[in-house]
Amino acid sequence: MEEIPQDPTRYDHNQIELKWHERWNNDPNLYKAAADSTRPKYYVLEMLPYPSGSLHIGHLRNYAIGDALARYMWMKGYNVLHPMGWDAFGLPAENAAIKNGRQPYEWTKANIAEMKRQHRRMGFSYDWDLEITTCEPEYYRWNQWFFLKMLERGLAYRKNALVNWCPECGTVLANEQVVDGCCWRHETTQVEQRSLEQWFLKITAYADELLRAIDEKLEGHWPDRVLSMQRNWIGKSVGSEIDFKLENTGEPIRVFTTRVDTIYGATCVILAPEHPLTAKLLDEAGRARAKQMIDSRASKGPGDIDKDGHFTGHYAINPYSGEKVPIWIGNFVLMGYGTGAIMAVPAHDERDFEFCTTYGIPIRPVIRPVNGALDENPKAALTEDGVVERSGEFSGLPSAEARARMNKKAESESFGKAAVTYRIKDWGISRQRYWGTPIPVIHCPKDGVVPVPEKDLPVILPVDVQLTGKGRSPLADVASFVNVKCPKCGGDARRESDTMDTFVDSSWYFYRYCDPKNSQAPFDSKKIAYWFPIDQYIGGVEHAILHLIYSRFFTKVMRDIGVISNDEPAARLFTQGMVIKDGAKMSKNKGNVVSADEMIDRFGADTGRVFELFAAPPEKDMDWTDAGAEGSYRFLSRVFRFVVRNAGRRPEGDPLADRRALRKLHQTIRKVTEDFDNRWHFNTSIAALMELINTLYEEEAGLSGGALHQILPSLALLLGPFAPYLAEELWEQLGHQGPVFRQPWPTYDETLAKEDAADIVLQVNGKVRGRLSVPFGTPEDQLKKLALADPKVQPSIEGKQVVKVIVVPDKLVNIVVK
RNA sequence: GCGGAUAUGGCGGAAUUGGCAGACGCGCUAGAUUCAGGUUCUAGUUCUCGCAAGGGAGUGGAGGUUCAAGUCCUCUUAUCCGCACCA
């Protein structure tokens with residue numbers, strides 16, 4: 001197509017952006033952090049993407065926020081580290097491979113190339129020399145290395161366990177990947193429970209520290225909702241474990257309770273249907289009932305299960321009272337929490353109350369309110385602490401005191417102890433799939449599980465593998481991979497064919513950015529000591545419990561291994577809101593995706609960035625609308641035209657117009673600076689820039705060359721973090737050299753930013769009746785006099801008694817009348 | 001049920017410290033520019049009574065504190081998110 005000559009004052013985003021894109025691309029050192037710098041460091045990081053194929057505008061928000069911050073911090077004089085990489089292992093590659101007959105490696109690399117092109121086209125300020133790709137052996141060998149270190153320390157272990165199985169994925173899922181009983185990737189596919197030999201990482205060993213550090217290190221620096229989700233997920237409860245004894249054999253049945261003070265009110269013991277003891281206690285009919293409970297629980301979503309119970313015909317002895325109570329099984333008792341067995345105290349627990357009422361089990365109150373009597377016939381459970389009654393030697397004690405003494409007794413008589421239970425469970429990392437990090441162990445018939453020696457790392461994932469998507473790892477059928485010699489005895493052995501959960505890859509990737517090409521170690525610890533913790537981590541809230549808890553765990557393990565010295569990966573976390581289009585989150589399924597390319601062609605990268613930052617504060621969801629994006633385009637056009645047509649203006653002008661324009665400029669610098677430093681409300685920063693340009697349009701005719709000489713370069717610099725292409729173009733057109741983001745951030749002058757006169761609001765009984773323009777610092781009694789005499793105020797106070805006059809200097813006078 | 005958040009014009013949002021509610025943008029209305037459409041520029045745009053000047057109401061709802069409340073307190077409703085029979 002013939003090139004149409006453009007009006008030189010038209011903002012041609014394509015021409016400007018392609019010109020600078022070209023220049024920036026040819027400068028590989030543009031965004032490089034200084035190796036050893038005297039300047040303070042700043043590590044800004046956006047969560048690394050999964051290379052799904054191509055970027056859409058929903059992805060861009062995360063990067064636009066991080067990029068604005070990185071550029072601002074550069075301008076503020078920091079040594080900035082701003083890297084990007086690819087979370088490249090995972091199921092979609094494998095599924096795409098099966099569907100299209102392409103190898104996952106090839107598919108993934110092609111996607112990365114495409115998305116990287118889009119990233120560069122957006123002009124994000126990454127140092128691509130630090131790029132990491134988790135599916136490359138140079139990266140995943142260190143996954144394997146960390147795994148071996150954990151194995152040495154007993155933090156990685158293998159056990160046969162009931163695990164979550166997604167029939168659609170054909171693999172095991174971590175607890176964190178099960179959402180409402182369904183697979184996180186297949187929202188309508190019920191997760192099944194299967195019993196398999198699996199590798200686990202012992203995150204529970206760090207449960208307490210993970211929880212404590214939330215209060216001690218993260219509170220106030222990470223979003224509340226993320227911390228609250230993590231607290232919930234770790235789910236600490238402090239209580240007691242107590243053995244009831246089976247009536248005939250004396251075999252202990254251990255229960256967990258947070259309310260041992262109510263134990264004299266226990267009227268039965270209830271086992272989870274999966275509890276190992278049920279096989280022994282139940283007859284055939286009972287076992288069928290247990291199985292039925294398990295199955296019906298699996299087929300229903302959470303929360304809507306009716307309580308179901310079955311008497312085993314057996315009894316247990318309460319170790320405190322010596323009382324004999326029936327043993328039931330109940331569908332609401334969870335095998336995975338506590339000990340899988342509870343004592344039911346219907347008088348003081350709502351669930352037990354419901355269960356025992358249904359099955360006619362006695363209800364025995366043993367707690368009275370501190371200032372009340374024991375309710376003999378409770379209509380509902382009294383769940384608050386109170387005073388313990390009818391409890392032998394403990395009667396009359398407050399609940400807390402009773403718990404302490406009861407624990408002591410249990411311990412001294414060896415039938416129980418104080419205990420803490422966590423909801424979080426160890427992290428199951430085995431996946432029966434191909435496209436992931438091979439787990440570096442060998443199964444030897446003689447020596448059992450033998451770790452691959454460190455010198456043999458990496459265990460390379462073979463390419464060109466026949467993929468089936470069936471329920472076992474395709475690697476199991478690759479003879480050259482699985483058939484190995486045992487490192488210990490040299491005999492024939494079999495390599496582990498499961499691969500690691502991809503969340504292992506992303507649990508420590510941000511460390512690797514600091515030293516991505518190191519072939520001797522995961523990284524040089526000295527470099528980590530300089531850069532860590534991450535000063536600002538930015539990503540979606542959907543990672544609140546998966547990635548963000550795993551990576552905290554990894555950091556603590558790495559610290560204990562001795563390779564790093566920080567306790568937490570990120571000093572500050574920011575979770576941006578989603579991009580909404582037509583009322584829904586942008587996704588391929590909904591068909592409301594706007595591709596980054598399409599957006600750039602139409603509006604330009606700068607407009608896209610500005611609009612995503614302007615439409616809502618960054619932590620809130622934002623609506624993408626084309627009309628809104630056009631508004632941002634208009635704003636950038638106005639800036640462009642103003643700068644271009646005023647760049648070479650005459651010296652003379654109207655001093656008053658200059659004064660007004662310069663005042664607005666300094667107010668704008670102050671506003672934008674404060675937004676960056678305090679609260680990141682870039683929507684108001686951009687609104688301030690729009691106000692500035694509106695003022696400049698109003699004053700344009702009167703502005704002197706001298707004033708413009710100050711205003712125009714500042715305007716280009718202020719625009720730098722939000723619209724880097726346009727800023728760079730204007731900077732050059734104004735005759736300046738060097739990248740905008742390497743220039744010092746403009747400073748503001750409070751005197752210049754100050755208004756000429758104070759605008760005093762005059763109120764009568766809190767209602768605005770007039771206003772007054774007076775010099776700043778006008779004394780209170782003067783203001784009072786002026787206000788009372790004001791012609792706008794007069795009618796409202798005439799004939800009334802002035803009770804009081806409130807004066808807020810330089811701001812307001814409120815006259816109270818009767 | 002527990003935990004976290006949110007509620008302001010036709011729409012997205014602003015009001016950072018209790019002090020002029022509605023900045024900025026979208027949309028809309030009018031006018032100018034343009035052959036026309038688009039673009040651009042100018043003016044207007046919370047609701048309501050009024051020709052106007054001007055008045056009244058107004059930040060999910062109900063109370064309260066205060067000279068003054070979107071902002072603080074109590075209660076309440078709705079929506080969103082997370083967890084959910086966690087003993």
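Values below: all heavy atoms of this structure, side chains included; hydrogens, waters and symmetry mates excluded. Order of the sequence lines fixes the chain letters, A, B, ..., with proteins taken first and strands second; residue numbering starts at 1 for each chain.
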Discussion item. Is A/K804 close enough to B/rC67 that one of its side-chain N or O atoms is under 4.0 Å from OP1 or OP2 there?
Written reply: yes
Worksheet, complete the sentence: Which of B/rA87, B/rG4, B/rA15 is nearest the side chain of A/T684? It is B/rA15
Discussion item. So, does A/R10 get its side chain near the phosphate of B/rU40, meaning an N or O under 4.0 Å from OP1 or OP2?
Written reply: no
Worksheet item: For RNA chain B, which residues in residues 327-335 of chain A have a heavy atom at a distance below 4.0 Å?
Response: A/F332, A/V333, A/L334
Practice prompt. Check the distance between B/rC81's P and A/W233's CH2 and give it to me in whole angstrom.
Written response: 18 Å
Discussion item. Does the structure show a Watson-Crick or G-U wobble partner for B/rA32, both distances under 3.5 Å? Name it, or say none.
Written reply: B/rU40
Worksheet entry | B/rA68 - base-pair partner by Watson-Crick or wobble geometry, distances under 3.5 Å | none
Practice prompt. Using the closest heavy atom to pick a nucleotide of RNA chain B for each, name whichever of A/Y422 or A/A687 lands nearer the 5' end.
Written response: A/A687
Discussion item. Taking CD in A/E350 as the centre, count heavy atoms belonging to other residues, nucleotides or ligands within less than 6.0 Å. Is the count above 12?
Written reply: no
Discussion item. Please classify the nucleic acid contact of A/P617 as base, sugar-phosphate, or nothing, using heavy-atom distances under 4.0 Å.
Written reply: sugar-phosphate
Practice prompt. Examine A/R10 relative to A/Y633 and say whether NZ or CZ is less than 6.0 Å from the centre of the six-membered ring and inside a 45° cone about the ring axis.
Written response: no
Worksheet item: Residues two or more places apart in sequence or in another chain: which of them pass side-chain hydrogen bond (donor to acceptor under 3.5 Å, both in side chains) with A/E798?
Response: none
Discussion item. Would you measure the distance from the C1' atom in B/rG13 across to the matching atom in B/rG31 and give it in whole Å?
Written reply: 29 Å
Fill in: Among B/rC83, B/rG13, B/rC20, the one nearest A/V768 by side-chain distance
B/rC20
Discussion item. Within the 4.0 Å heavy-atom criterion, would you say A/R641 contacts the bases, only the backbone, or no part of the nucleic acid?
Written reply: sugar-phosphate
Worksheet entry | For B/rG12, the Watson-Crick or wobble counterpart (both distances under 3.5 Å) | B/rC24
Fill in: Pair assignment for B/rC83, Watson-Crick or G-U wobble, requiring both distances under 3.5 Å
B/rG1
Discussion item. Counting distance alone, no hydrogens or angles: does the base of B/rC85 have a donor or acceptor under 3.5 Å from a partner atom on the side chain of A/K307?
Written reply: yes
Item to complete: Scan A/V816 against the nucleic acid and name what it touches under 4.0 Å (heavy atoms): base, sugar-phosphate only, or nothing.
Response: sugar-phosphate
Worksheet entry | Watson-Crick/G-U partner (both atom distances under 3.5 Å) of B/rC75 | B/rG61
Worksheet entry | A/K307 NZ/CZ over A/F332 ring centroid, <6.0 Å and within 45° of normal | yes
Worksheet item: If you look at every strand shown and take non-hydrogen atoms under 4.0 Å, does A/N814 touch a base, only sugar-phosphate, or nothing?
Response: base
Worksheet item: When you check the side-chain N and O atoms of A/D208 and A/Y422, is any donor under 3.5 Å from an acceptor?
Response: yes
Worksheet entry | Per A/R634 side chain, nearest of listed nucleotides B/rG12, B/rG19, B/rC26 | B/rC26
Response to the item:
Among the nucleotides B/rC41, B/rC24, B/rG19, whichever has the atom closest to the side chain of A/F614 is B/rC24
Discussion item. Does B/rA15 have OP1 or OP2 under 4.0 Å away from a side-chain N or O of A/R679?
Written reply: yes
Discussion item. B/rA84, OP1 or OP2 - any side-chain N/O from A/R423 closer than 4.0 Å?
Written reply: yes
Discussion item. With a 3.5 Å cut-off and heavy atoms only, can you find an N or O donor on one side and an acceptor on the other between the side chain of A/N232 and the base of B/rC83?
Written reply: no
